[in-house]
Enquirer: 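One structure, pasted below without further comment.
Note that the numbering runs from 1 along the sequence shown for the chain. These numbers were taken from a predicted model, which means no experiment stands behind them.
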Amino acid sequence: MKKLLLFLVLCAITVWSCKKSNSSKNSGSGYYLSAAVNVTDKASLVDSMIYDSSHRLAAFLQIKYDTSTGVPLQVSTSILFTLPGGSAPATAYTYQSPNGYELHSLSYDNQGRIVKDTCAATGYVATFTYPANAIAIRVLYDGTPMNNQIDTLFMSGGNIAKANTWMPNDAGTADSLQGSLNFGYSSVANPFYHPSINASVGPLLYVFTVNGLGGGLDPVSAKTQSSISGKIDGLPSNLTIPFTQTLDSKGRLSELSASVFGFGGEAIYFRYY
């Protein structure tokens with residue numbers, strides 16, 4: 001089973017950044033995000049976004065550099081979307097990782113929201129449902145119920161107010177609650193949020209960020225997180241982490257930083273087209 005990664009707790013990382021040439025703007029944050037760079041002193045994780053001429057997300061890339069074990073390590077993944085003509089969302093994507101390639105098919109409901117992600121070769125199935133004021137995501141990594149993860153995102157004011165994660169217990173007999181996190185928000189626009197993108201594939205991007213190489217992107221909420229609290233396996237109970245937000249000269253979020261367990265220097269740097 002893929003390891004559960006804490007959503008938006010800053011990763012251990014070193015600075016690396018990428019820049020692409022595009023000056024497009026949109027509603028939401030007002031600009032398109034090109035990269036989010038997670039940084040500390042021993043590793044770095046870069047999430048990069050590429051858009052097509054209609055401002056649809058065409059690719060989501062991750063590169064992780066890690067020297068925490070004393071041996072430099074680089075791992076990369078890429079998600080390349082298949083985009084139909086016009087402005088419709090992606091119908092499929094190709095996922096590339098060190099383990100090879102996977103072709104996934106996507107389907108949507110009559111409101112244009114993602115409802116299913118499947119891979120015939122591996123048995124992978126992710127389903128997305130939308131109960132009142134919530135988004136429920138169930139991932140079957142190989143198609144079997146006991147190799148699964150369930151995330152429920154409780155929404156308030158267009159933001160994730162609370163996220164619960166369920167995974168199989170150690171005995172493999174049932175799912176158990178692995179984490180319950182609460183999020184606070186400021187009035188600052190979320191750099192990764194654009195209604196035309198996130199209303200359709202936002203929950204899918206959430207799965208990529210949480211179950212990929214990690215990272216600090218929130219692909220669902222309209223605003224930027226100001227704090228995270230709650231509990232999750234591997235972290236102290238009732239942990240609360242406030243975030244410090246830095247804006248650039250255009251009023252965009254340029255840095256989101258925090259001190260975790262008394263160690264400084266954890267930060268996410270945002271780069272725009």
Enquirer: Which atom pair, heavy atoms only, marks the closest approach of Lys223 to Asn190?
Expert: O-CB, 3.4 Å

Enquirer: With a 4.5 Å cut-off on side-chain heavy atoms, are Arg56 and Pro84 touching?
Expert: yes

Enquirer: Tell me the closest heavy-atom pair linking Ala58 and Asp52, and the distance in Å.
Expert: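 Closest heavy-atom pair between Ala58 and Asp52: CB-N, 4.1 Å.
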
Enquirer: Could you go through the side chain to side chain donor-acceptor pair (under 3.5 Å) check for Tyr141 and Asn211 one step at a time?
Expert: CA-CA 11 Å; Tyr141 292 108; Asn211 291 336; 3.0 Å; yes

Enquirer: Could you go through the ring-ring contact (aromatic ring centres under 6.0 Å, His included) check for Tyr51 and Tyr273 one step at a time?
Expert: CA-CA 10 Å; Tyr51 308 89; Tyr273 284 112; 5.6 Å; yes

Enquirer: Please check if the side chain of Ser200 supplies one atom and the backbone of Gly112 the other of a donor-acceptor pair under 3.5 Å.
Expert: no

Enquirer: Can you see which heavy atom on Pro89 is nearest to which on Leu83, and at what distance?
Expert: C-CD2, 4.5 Å

Enquirer: What closest approach, in Å, do His55 and Ile197 show between heavy atoms, and which atom pair accounts for it?
Expert: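 Heavy atoms only, the tightest pair is O-CD1, 3.5 Å.
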
Enquirer: Before giving the answer on ring-ring contact (aromatic ring centres under 6.0 Å, His included), spell out for Phe208 and Tyr93 the whole-Å C-alpha distance, their side-chain angles and the decisive distance to 0.1 Å.
Expert: CA-CA 12 Å; Phe208 294 159; Tyr93 68 87; 5.2 Å; yes

Enquirer: Compute both the distance and the angle, then confirm whether Arg252 meets the cation-pi test with Tyr272: under 6.0 Å from the six-membered ring centre, within 45 degrees of the axis.
Expert: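 Judged by the rule (NZ or CZ under 6.0 Å from the ring centre, within 45° of its axis), Arg252 counts as positioned above Tyr272.
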
Enquirer: Short question: side chain of Tyr108, backbone of Ala90 - any donor-acceptor pair under 3.5 Å?
Expert: yes

Enquirer: Which atom pair, heavy atoms only, marks the closest approach of Gln225 to Leu256?
Expert: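 Heavy-atom minimum between the residues: O-CD1, 3.8 Å.
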
Enquirer: Name the orientation class of the two ring planes belonging to Tyr95 and His104 (parallel below 30°, tilted from 30 to 60°, perpendicular beyond 60°).
Expert: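 Geometry flag for His104 against Tyr95: perpendicular rings.
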
Enquirer: When you measure from the side chain of Asn159 to the backbone of Ala161, do you find a donor-acceptor pair of N or O atoms at a distance under 3.5 Å?
Expert: no

